[in-house]
Asker: 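Can you read through this structure? Questions will come right after.
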Amino acid sequence: VQLQASGGGLVQAGGSLRLSCAASGLTFSRYIMAWLRQAQGKEREFVAAITTSGGATLYADSVKGRFTVSRDNAKNTVYLQMNSLKAEDTAVYHCAATSRFGIATTSRNYDHWGQGTLVTVSS
């Protein structure tokens with residue numbers, strides 16, 4: 001299984017970025033997909049997740065209303081549109097996949113992880 005995240009970079013506060021995560025080696029449409037992030041010196045935290053069909057999503061309170069998670073099962077790809085970025089959004093963003101039932105917000109519930117993409121927001 002491989003999850004390849006991309007789209008990170010340096011952006012000014014208030015700006016936008018779109019992250020992508022391309023999956024291979026798994027039946028993508030059977031996996032709940034999530035984004036989690038880890039800032040330097042901090043624990044990994046849940047950002048957003050989307051169910052297998054894309055019919056339901058869940059967001060951390062800190063990103064609700066600013067970030068949107070979506071998926072394209074035909075392309076085996078999950079996206080994270082990030083708007084109104086803040087300095088505190090600076091982190092390495094990882095995509096993750098789980099075949100468990102129900103959206104999980106803790107890292108240990110995810111079976112597969114990508115290598116991460118760095119997002120840096122300058123204030």
Side-chain angles (χ1 to χ4, degrees):
V1 175
Q2 189 169 16
L3 301 177
Q4 183 70 42
S6 61
L10 174 64
V11 63
Q12 288 188 334
S16 299
L17 280 175
R18 188 194 196 202
L19 306 184
S20 300
C21 175
S24 60
L26 75 170
T27 306
F28 183 74
S29 61
R30 295 181 181 177
Y31 283 77
I32 289 174
M33 299 299 297
W35 290 94
L36 297 93
R37 67 187 181 186
Q38 187 165 20
Q40 195 169 10
K42 296 187 177 181
E43 292 187 356
R44 189 172 295 179
E45 64 173 354
F46 173 82
V47 176
I50 187 166
T51 54
T52 54
S53 65
T57 56
L58 182 68
Y59 296 93
D61 287 343
S62 59
V63 307
K64 203 172 294 183
R66 300 188 297 122
F67 290 11
T68 303
V69 60
S70 61
R71 67 189 294 160
D72 185 337
N73 285 348
K75 296 182 178 180
N76 288 0
T77 302
V78 61
Y79 305 96
L80 185 68
Q81 177 66 44
M82 305 186 295
N83 299 328
S84 302
L85 283 161
K86 305 176 181 179
E88 51 263 44
D89 294 319
T90 295
V92 175
Y93 284 71
H94 299 268
C95 58
T98 181
S99 58
R100 299 168 190 248
F101 179 78
I103 290 179
T105 60
T106 53
S107 299
R108 66 177 182 273
N109 289 305
Y110 287 89
D111 307 310
H112 306 291
W113 291 84
Q115 87 291 352
T117 185
L118 176 63
V119 172
T120 303
V121 184
S122 63
S123 56

Asker: Determine whether Ile32 and Phe101 make a side-chain contact, defined as any pair of heavy atoms from C-beta on separated by less than 4.5 Å.
Answerer: no

Asker: With rounding to the nearest 0.5 Å, note down the distance linking CD in Gln115 to CD in Gln4.
Answerer: 4.5 Å

Asker: Can Asp61 and Lys64 be counted as an ion pair, charged N to O under 4.0 angstrom?
Answerer: yes

Asker: Determine whether Asp111 and Arg100 make a side-chain contact, defined as any pair of heavy atoms from C-beta on separated by less than 4.5 Å.
Answerer: yes

Asker: Is the shortest side-chain heavy-atom distance between Arg30 and Ser99 below 4.5 Å?
Answerer: no

Asker: Taking all non-hydrogen atoms of both residues into account, name the closest pair between Ala23 and Leu26 and its distance.
Answerer: CB-CD2, 3.6 Å

Asker: I'd like to know if Phe28 and Tyr79 are part of one continuous hydrophobic network [Ile/Leu/Val/Met/Phe/Trp/Tyr, side-chain heavy atoms within less than 4.5 Å].
Answerer: no

Asker: Please say yes or no: joined through hydrophobic side-chain contacts below 4.5 Å, possibly via intermediate residues, are Leu36 and Leu58 part of one cluster?
Answerer: yes

Asker: Test side-chain contact (heavy atoms from CB on, under 4.5 Å) on Tyr110 and His94 and set out the steps.
Answerer: CA-CA 11 Å; Tyr110 287 89; His94 299 268; over 6 Å; no

Asker: In Å and rounded to the nearest 0.5 Å, what is the CG to CG distance from Leu80 to Leu17?
Answerer: 9.5 Å

Asker: Measure across Ala5 and Gly116 and return the closest heavy-atom pair with its distance rounded to 0.1 Å.
Answerer: CB-C, 4.4 Å

Asker: Look up atom CZ in Phe46 and atom CH2 in Trp35, then write down how far apart they are to the nearest 0.5 Å.
Answerer: 12.5 Å

Asker: Tell me, do Met82 and Asp89 make a side-chain contact under 4.5 Å, heavy atoms counted?
Answerer: no

Asker: Do Met33 and Val69 have side-chain heavy atoms sitting under 4.5 Å apart?
Answerer: no

Asker: With a 4.5 Å cut-off on side-chain heavy atoms, are Val119 and Leu19 touching?
Answerer: yes

Asker: Nearest 0.5 Å, please: how far is CG in Asn76 from CD in Gln2?
Answerer: 12.5 Å

Asker: Would you give the length of the straight line joining atom OG of Ser123 to atom CG of Leu85, rounded to the nearest 0.5 angstrom?
Answerer: 12.5 Å

Asker: Can you confirm whether Ser20 sits close enough to Lys75 that some side-chain heavy atom of one is under 4.5 Å from a side-chain heavy atom of the other?
Answerer: no

Asker: Considering non-hydrogen atoms only, spot the tightest contact between Val1 and Gly25 and give its length.
Answerer: CG2-O, 3.5 Å

Asker: Closer than 3.5 angstrom, by distance alone: can the side chain of Arg71 be matched with the main-chain N or O of Thr51 as a donor-acceptor pair?
Answerer: yes

Asker: If you look at every heavy atom in Thr117 and Gly7, which pair is closest and at what distance?
Answerer: OG1-N, 4.0 Å

Asker: Are Val47 and Tyr59 co-members of a hydrophobic cluster defined by side-chain heavy atoms under 4.5 Å apart?
Answerer: yes

Asker: For the residue pair Ser16 and Asn83, what are the closest heavy atoms and their distance?
Answerer: OG-OD1, 2.9 Å

Asker: Just do the side-chain contact (heavy atoms from CB on, under 4.5 Å) check on Val92 and Arg44 with the steps written out, would you?
Answerer: CA-CA 9 Å; Val92 175; Arg44 189 172 295 179; over 6 Å; no

Asker: Show the numbers, then the answer: is there a side-chain contact (heavy atoms from CB on, under 4.5 Å) between Ser62 and Arg37?
Answerer: CA-CA 12 Å; Ser62 59; Arg37 67 187 181 186; 3.5 Å; yes

Asker: Relative to each other, are the rings of Phe67 and Tyr93 parallel, tilted or perpendicular (30° and 60° limits)?
Answerer: tilted

Asker: Specify the closest pair of heavy atoms between Val11 and Gly15, including all atoms of both residues, with the distance to one decimal.
Answerer: CG2-CA, 3.9 Å

Asker: Ignoring hydrogens and angles, tell me if any N or O in the side chain of Asn73 forms a donor-acceptor pair with the backbone of Thr52 under 3.5 Å.
Answerer: yes

